[in-house]
Protein chains: 2
Amino acid sequence: MKQETRKEEIIRVAAKLFKEKGYSAVTMRDLATAMGIKAASLYNHINSKQDILNTIIISIAEEFTQGMKLVQDSKLSCIEKLKQIVALHVKIASENIYGMASLNNDWMHLETQLNYYLSLRDNYEKDFLSIIQQGIESSELKEVNPEIIMFSMLTTLRSLYIWIPKKEELNVNDLANNLNKVLIHGINI
Amino acid sequence: MKQETRKEEIIRVAAKLFKEKGYSAVTMRDLATAMGIKAASLYNHINSKQDILNTIIISIAEEFTQGMKLVQDSKLSCIEKLKQIVALHVKIASENIYGMASLNNDWMHLETQLNYYLSLRDNYEKDFLSIIQQGIESSELKEVNPEIIMFSMLTTLRSLYIWIPKKEELNVNDLANNLNKVLIHGINI
DNA sequence: CCCTCAAACTAACACTTGTTAGTTAGCGTT
DNA sequence: AACGCTAACTAACAAGTGTTAGTTTGAGGG
């Protein structure tokens, strides 16, 4: 159990505030108050407000990229790959509830790292789409517009951070299994 | 074809800016520039920045509430009701692409109207959940956690505004039909 | 020709923003 | 005792914030 540095603590608290009000609405004085110090003192630990956002978003985005790579390199069937992706999202979302909010809602406030983020997101979606297309070609999946399938799955998965905190007892495996049922097999009898 | 008033034009342009950068990051000077006038001139037409947000969010939220009421009062089967709800979201999202962004991302910046908005949203979700629960009881739907079903459908539907603009040719009926297939019947063979 | 009115303008306000500079206090090591 | 390090502080700045007051412009109707 590695001890959290002061910098990590600031970033963690910042992510929580960013989730509640959004990046732009959170001031350095808000963040300082939440940390119990003065705004200027924050700069002993961090470079800038922007830098906090960069750290939060890019670290999670890279985690997703890495996870997708593992899924792609596996020899699983299409449906099994999709289940792995669901599990990936449940895992990352449950471990980064606050950061996921910034990833979803504040990515446009990135500056120097904006293009890098967009390229990660783009590639992720391309890889996701390609898995679905292969599933349709091999008749594992129904012949529905693959973009609609991806959109439906991805928006649900990307919104997990909103919903997970509302569940008192969270069993990550249970949630992933239930989501697999609903997303892959549908809801009707 | 009713002519758009200057006030309506400002609100429409504001919604577009709010979608791109979020409510807090859009200044009255940004909005004025987009309108081709000076910031102070905006106040000949609108009361405050807050008021613009109120108008955007509350009008759409009430549209959803009204639509849900119609669905509830119908004598349709559960599955047919869910299809009506999908159609409702596709319709409202396609007609309010910009406003939907504020509804999803900037509702927390409401002040006087925050509680009213939250009550509308709460009731909407309760009604949605109740339809799903009835569907499970009457064996129209699989016996899966009804909250997960609602969460999955609702997050997909609420994110439509992100995705609709990316589709060159948008046929509202096509989109609703495809979403129904994916959300209700699943994606596997 | 004057009046009205919508819609723009300039100038200014009080306050908030992110950030910097320079300083101080406490603590462990030499 | 002196040093260096961490982490806080006060004070300040320049730019930007939403908003108000008062004024000007131009078009249309009596």
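Naming convention: chains lettered A, B, ... in sequence-line order (proteins, then strands); numbering from 1 in each chain.
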Compare every heavy atom of A:Ser102 with every heavy atom of A:Ile57, then report the nearest pair and how far apart it is.
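Smallest interatomic distance, heavy atoms only, reads CD1-O, 3.7 Å.
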
Any residue of residues 10-22 of chain A with a heavy atom less than 4.0 Å from an atom of DNA chain D:
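Heavy-atom contacts with DNA chain D come from no residue of residues 10-22 of chain A; none.
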
Can you tell me how far [atom2] of [N] sits from [atom1] of [X], to the nearest Å?
| X | N | atom1 | atom2 | value |
| --- | --- | --- | --- | --- |
| A:Glu8 | D:dA7 | CD | P | 12 Å |
| B:His109 | D:dG18 | NE2 | P | 13 Å |
| B:Leu53 | D:dG18 | CG | C1' | 15 Å |
| B:Lys49 | D:dG16 | NZ | P | 15 Å |
| B:Gln50 | D:dT19 | CD | P | 8 Å |
| A:Leu42 | C:dT19 | CG | C1' | 11 Å |
| B:Asn47 | D:dG18 | CG | P | 16 Å |
| A:Tyr43 | C:dT23 | OH | C1' | 19 Å |

When rounded to the nearest 0.5 angstrom, what is the spacing between NZ in B:Lys49 and OG in B:Ser24?
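So the gap between those two atoms works out to 6.0 Å.
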
Measure the CG-CD distance between A:Asp30 and A:Glu20 for me, rounded to the nearest 0.5 Å.
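Going from CG on A:Asp30 over to CD on A:Glu20, the span is 10.5 Å.
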
For the residue pair A:Trp163 and B:Phe151, categorise the inter-ring angle as parallel (less than 30°), tilted (30 to 60°) or perpendicular (more than 60°).
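Parallel: the ring planes of A:Trp163 and B:Phe151 meet at under 30°.
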
Heavy-atom donor-acceptor pair, B:Ser74 side chain to B:Val71 backbone, under 3.5 Å:
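Side chain of B:Ser74 to backbone of B:Val71: a pair is present.
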
So, the side chain of A:Gln50 versus the backbone of A:His109: is there a donor-acceptor pair under 3.5 Å, distance only?
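Pair found, side chain donor or acceptor close to backbone of A:His109.
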
Side-chain H-bond candidate by donor/acceptor type, B:Thr156 with A:Thr156, under 3.5 Å
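Note: B:Thr156 and A:Thr156 side chains meet the donor-acceptor criterion.
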
Protein heavy-atom contacts under 4.0 Å, written 5' to 3' over nucleotides 4-16 of chain C as B (base), S (sugar-phosphate only) or - (none), form the string ---SBBBBB----

Should the heavy atoms of other residues, nucleotides or ligands under 6.0 Å from NZ of B:Lys142 be counted, would the total exceed 12?
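Yes, NZ of B:Lys142 has more than 12 neighbouring heavy atoms, counting only those of other groups under 6.0 Å.
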
Would you find more than 12 non-hydrogen atoms of other residues, nucleotides or ligands less than 6.0 Å from B:Tyr98 atom OH?
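Counting other residues, nucleotides and ligands, OH of B:Tyr98 stays at 12 neighbours or fewer.
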
